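Data block below; observations after.
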Amino acid sequence: MSMGMRFTVLSSGSTGNATVIELGGTTILVDAGLSARRVEELLREREVSPEQLSGILVTHEHTDHIKGVGALARKYKMPIYANEKTWEGMKKYVGQIEPEQRKILETGAAIDFGSLRAESFGISHDAAEPVGYTFDDGIHKLSLATDLGYMSEKVKEAIYDSDVLVLESNHDIEMLRMGRYPWNIKRRILSDIGHLSNNAAGEALSELLNGRLKRTYLAHLSRDHNMMDIAKMTVRCSMEDCGIFFKDSEFELRDTYWNMPTPWDEVGSKTGE
Ligand SMILES: O=c1ccn([C@@H]2O[C@H](COP(=O)(O)O)[C@@H](O)[C@H]2O)c(=O)[nH]1
């Protein structure tokens with residue numbers, strides 16, 4: 001039985017995003033961007049029962065983050081947390097949610113789930129009021145930052161002292177430029193309100209590697225314009241270009257998957273095991 005904060009990224013990418021954070025008796029889901037049935041299956045793979053969930057925190061109203069929110073809310077009667085603009089943006093997709101389940105969490109506000117504190121921070125993406133989240137058990141900190149066109153100073157500040165980070169590394173810029181997407185979509189992805197490239201993730205990480213950050217899970221990878229090996233190599237090279245060199249024993253880049261959950265990661269432990 002785990003005592004500290006632990007998490008698993010159930011699924012990551014534009015086909016659907018969901019992450020579970022657990023501490024003691026508290027289990028939080030961040031986003032439910034797959035069908036409710038698929039989220040249930042993924043939870044089962046990590047031996048989490050949906051009835052255990054204390055609530056869903058929503059990052060933004062794009063389908064790959066909210067697809068299963070309405071059905072899960074109705075089936076398990078759990079509270080759903082989002083800022084007002086996100087509630088407005090997702091209302092036509094999530095259907096009827098009972099007023100007592102509709103929780104407004106303003107951007108920048110913190111909420112305590114027992115001894116697990118969640119706090120949101122604003123990010124730059126083409127949604128109504130998108131956010132990332134940090135989770136803190138009083139000693140260790142986990143941050144989730146995906147779907148961001150660029151990493152602002154405010155985001156760096158919010159996630160700076162994390163032990164573990166889940167960070168977007170969406171695309172290889174050349175693969176995207178040469179790829180099959182129409183130009184308007186490429187332009188959107190490359191813009192400040194699009195998605196973080198491998199290079200940009202590496203540049204951001206070079207400012208975040210402070211001795212406390214033990215590992216970073218590369219997330220929201222494009223299946224069309226990225227591969228995990230390319231992402232890891234580009235992030236590392238981009239960090240080296242910024243003068244940041246690391247040994248795998250000190251800092252690790254780890255995988256997330258679009259079709260299966262990551263192993264549970266104990267945030268406070270050196271290796272996550
Ligand atoms: O036909 C498409 C494909 C993708 N998008 C959006 O682009 C970004 C990146 O997608 P990846 O699957 O990571 O390459 C994401 O926001 C997709 O929703 C699109 O609009 N149209």
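Here the structure is a predicted model, which is why all the values come from computation and not from measurement. Whatever order the structure lists them in is the order used to number ligands and atoms, beginning at 1.
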| request: Just do the ring pair (Phe, Tyr, Trp, His ring centres under 6.0 Å) check on His195 and His220 with the steps written out, would you? | output: CA-CA 9 Å; His195 291 272; His220 215 303; 5.0 Å; yes

| note | Counting heavy atoms under 4.0 Å, the part of Ile189 that contacts ligand 1 is side chain

| Tyr181: numbered ligand 1 atoms lying under 4.0 Å from its heavy atoms | 3 (C), 4 (C), 10 (O), 11 (P), 12 (O), 14 (O)

| Considering only heavy atoms of Asn170, which atoms of ligand 1 have at least one such atom less than 4.0 Å away? | 13 (O)

| query | Mind checking who shares a hydrophobic cluster with Leu196, ILVMFWY linked at side-chain heavy-atom distances under 4.5 Å? | reply | Phe121, Ile123, Leu148, Met151, Val155, Ile159, Tyr160, Leu165, Leu167, Leu205, Leu208, Leu209, Leu213, Leu218, Leu221, Met228, Val235, Met239, Ile244, Phe246, Phe251, Leu253

| task | Check each of Thr234, Asp172, Asn198 against Asn226 using the side chain to side chain donor-acceptor pair (under 3.5 Å) test, and report the only one that passes. | result | Asn198

| task | Can you figure out which of Ile185, Leu221, Leu176 has its heavy atom closest to atom 5 (N) of ligand 1? | result | Ile185

| message | Is there a polar contact between ligand 1 and Arg223, counting only N or O atoms under 3.5 Å apart? | response | no

| query | Mind checking whether Asp224 has an N or O less than 3.5 Å away from an N or O of ligand 1? | reply | no

| message | So that I know where these two stand, are His140 and Phe135 an aromatic pair - ring centroids less than 6.0 Å apart? | response | no

| task | Applying ring pair (Phe, Tyr, Trp, His ring centres under 6.0 Å), name anything that partners Phe7, two or more places apart in sequence or on another chain. | result | Tyr217

| message | Under a 4.0 angstrom heavy-atom cut-off, which atoms of ligand 1 come close to Arg188? | response | 6 (C), 7 (O), 8 (C), 15 (C), 16 (O)

| query | With backbone taken as N, CA, C and O and side chain as the heavy atoms from C-beta onward, which portion of Ser14 lies under 4.0 Å from ligand 1: side chain, backbone, both, or neither? | reply | side chain

| So which bit of His195 gets within less than 4.0 Å of ligand 1, heavy atoms only: side chain, backbone, both or neither? | side chain

| task | Please determine if Glu157 and Lys154 form a salt bridge, counting it only when a charged side-chain N lies under 4.0 Å from a carboxylate O. | result | no

| task | Taking atom types as modelled, find out whether Tyr76 and Gln52 have a side-chain donor-acceptor pair closer than 3.5 angstrom. | result | no

